[in-house]
There are 2 protein chains.
Amino acid sequence: MRLSDGVEWAIHCCTVLAFVPPDGALPASALAEFHEVPPAYLAKHLQSLSRAGIVEAVPGPKGGYRLGRPPAEVSLLDIVLAVEGAEPAFRCTEIRQRGPAAMPERAYRLPCAIARAMWDAEEAWRDSLAGTSVADVVVSLGETVSPKAAAKAAAWFSEVVR
Amino acid sequence: MRLSDGVEWAIHCCTVLAFVPPDGALPASALAEFHEVPPAYLAKHLQSLSRAGIVEAVPGPKGGYRLGRPPAEVSLLDIVLAVEGAEPAFRCTEIRQRGPAAMPERAYRLPCAIARAMWDAEEAWRDSLAGTSVADVVVSLGETVSPKAAAKAAAWFSEVVR
DNA sequence: GTCCCTATACTCGGATAGCAAGTGTCCGAGTATAGGCGG
DNA sequence: CCGCCTATACTCGGACACTTGCTATCCGAGTATAGGGAC
């Protein structure tokens with residue numbers, strides 16, 4: 001099991017976009033430069049965020065991206081689902097309904113106990129992600145990043161924000 | 001993000017193996033037939049379980065697999081880690097250390113707040129899986145499977161177990 | 001000097017190749033069994 | 001008749017092709033801007 005690298009990039013981008021004023025915008029190229037990742041590939045993931053309404057796209061010159069709603073209302077789960085898709089990681093293929101001990105279909109009204117256990121675990125994972133917002137992450141970053149680093153990032157930010 | 005199909009197969013196999021007496025064994029071919037999955041590919045996953053000590057392999061004629069320890073001491077997490085590998089799903093590539101706002105390496109002693117949030121969620125997932133044993137699953141199955149289905153499976157089982 | 005128009009340059013968006021990991025398969029190494037042989 | 005030996009057949013174990021999905025990229029559609037021209 002492996003999460004796409006795009007998830008990490010998308011979350012980092014959202015934390016940066018949290019500092020963009022509501023009428024401003026930050027181009028994808030700037031975000032790619034800031035994180036030193038392939039611009040075209042990052043753009044692909046930003047499009048996923050845009051489709052999900054997490055970020056808002058502004059076309060044309062002076063355009064770019066900004067958050068589609070307040071940082072406190074964007075959970076990490078929203079971002080993960082937008083990038084990775086909403087399908088569950090565990091997919092029950094109902095192998096219990098096959099083989100020499102198989103029964104008529106109506107015998108399988110109740111969900112498979114194994115699938116239920118796996119889905120419960122996945123729900124715990126999603127709950128944890130849903131309980132953390134971009135605003136929370138920004139606060140945590142503010143507590144762990146040194147003032148010098150914050151100043152350096154702020155200086156870069158003021159040059160590329162619009 | 002997607003879990004391998006082998007995880008589902010491995011868990012189902014362990015629930016079946018829970019019924020094998022301590023001095024008995026069940027060949028991989030029988031497990032493949034019971035679940036109607038490719039025998040060679042299932043064998044690959046059973047080997048992973050064997051390496052992890054979850055199942056015990058008995059070579060030669062009258063050989064096969066049995067659980068390596070009591071069903072109550074085999075958690076779903078053990079199985080998932082054996083099949084999928086122990087690497088975390090989220091991998092922090094430390095992109096915060098790159099780009100125009102990067103700082104000297106010693107500025108990054110504290111772990112990335114984003115990675116920490118992702119790992120916390122993953123820990124919740126693992127805790128949930130660790131809290132469910134094969135014995136628990138067997139009990140749940142006993143409660144949800146119809147008596148007729150159980151009898152049919154038991155009949156098949158008594159013919160292939162050794 | 002002011003307003004309007006047009007050409008421009010920059011943005012996002014979807015469609016297109018390349019590669020790695022999961023999927024599926026095969027053949028070889030090892031062992032308990034079953035049968036045959038000798039005592 | 002009993003014990004030993006050997007050949008057999010069945011098991012697991014690791015090494016080899018193939019396919020799906022992630023990784024990475026490019027080009028086209030749309031828009032606010034900036035400059036030039038007309039009034």
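Here is the naming used below: chain letters follow the sequence lines, and residue numbers restart at 1 for every chain.
Remark: P of dC12(D) and CZ of Arg66(B) are 12 Å apart, rounded to the nearest angstrom. Here the P atom of nucleotide dC12(C) and the NE2 atom of His45(A) are 15 Å apart, to the nearest Å. Going from atom CZ of Arg91(B) over to atom C1' of dA20(C) covers 12 Å, rounded to whole Å. Remark: C1' of dG21(D) and CZ of Arg2(B) are 9 Å apart, rounded to the nearest angstrom. For the pair Leu42(A) CG and dC12(C) C1', the interatomic distance rounds to 13 Å; values are reported in whole Å. Counting to the nearest Å, the C1' atom of dC12(D) and the CG atom of Leu49(B) are 14 Å from each other. Between Glu84(A) atom CD and dT23(D) atom C1' the separation is 13 Å, expressed in whole Å. Distance CD1 (Ile95(B)) to P (dT23(D)): 13 Å, rounded to an integer number of Å.
Residue-level contact check: Ala25(B) touches neither bases nor backbone, having no heavy atom under 4.0 Å from any strand. Using a 4.0 Å heavy-atom criterion, one finds that Ala57(B) contacts the sugar-phosphate atoms exclusively. Among the atoms of the strands shown, only primed sugar atoms or phosphate atoms (P, OP1, OP2) are found under 4.0 Å from some heavy atom of Gly64(B).
Distance alone, capped at 3.5 Å, places no donor-acceptor pair between the Arg66(A) side chain and the Ala25(A) backbone.
Regarding contacts with the backbone of dG13(C), every side-chain N or O of Arg51(A) stays at 4.0 angstrom or more from both OP1 and OP2. Side-chain N/O atoms of Tyr41(B) include none lying less than 4.0 angstrom from OP1 or OP2 on dC18(D). Side-chain N/O atoms of Ser50(B) include none lying less than 4.0 angstrom from OP1 or OP2 on dC12(D). For Arg162(A) and dT11(C), the shortest distance from a side-chain N or O to OP1 or OP2 is below 4.0 Å.
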Practice problem: State the dot-bracket string of DNA chain C. Criteria: Watson-Crick or G-U wobble, both atom distances under 3.5 angstrom; notation: ( ) intrastrand, [ ] crossing earlier pairs, | interstrand, . unpaired. | Solution: |||||||||||||||||||||||||||||||||||||||
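Picking from dT25(D), dT11(C), dT23(D) the nucleotide with the shortest atom distance to the side chain of Ser29(A) gives dT11(C). The listed nucleotides are dT23(C), dC26(D), dT31(D); the one nearest the side chain of Asp5(B) is dT23(C). Side-chain proximity of Pro38(A) to the nucleotides dT31(C), dT11(D), dT25(D) is greatest for dT25(D). Checking dT25(D), dT33(D), dG14(C) against every side-chain atom of Gln47(A), the shortest atom distance belongs to dG14(C). Of the candidate nucleotides dG13(D), dT23(D), dT23(C), dT23(C) has the atom nearest to the side chain of Lys44(B).
When every heavy atom of Leu49(B) is checked against every heavy atom of Ala82(B), the shortest pair comes out as CD2-CB, 4.0 Å. Shown here for Ala101(B) and Ala153(A), the closest heavy-atom pair between the two residues is CB-CA, 3.8 Å.
Within the 4.5 Å cutoff, the side chain of Val16(B) has heavy atoms near those of the His35(B) side chain. Put simply, the side chain of Met118(A) reaches to within 4.5 Å of the side chain of Ile11(B), judged on heavy atoms. Within the 4.5 Å cutoff, the side chain of Phe34(B) has no heavy atoms near those of the His12(B) side chain.
Mapped onto DNA chain C by nearest heavy atom, Ala43(A) and Pro61(A) fall at different nucleotides, with Pro61(A) at the one closer to the 5' end.
Salt bridge status for Arg162(A) with Asp23(A): absent, with no side-chain N to carboxylate O gap under 4.0 Å.
No side-chain N or O of Ser133(B) forms a donor-acceptor pair with one of Glu73(B) less than 3.5 Å apart.
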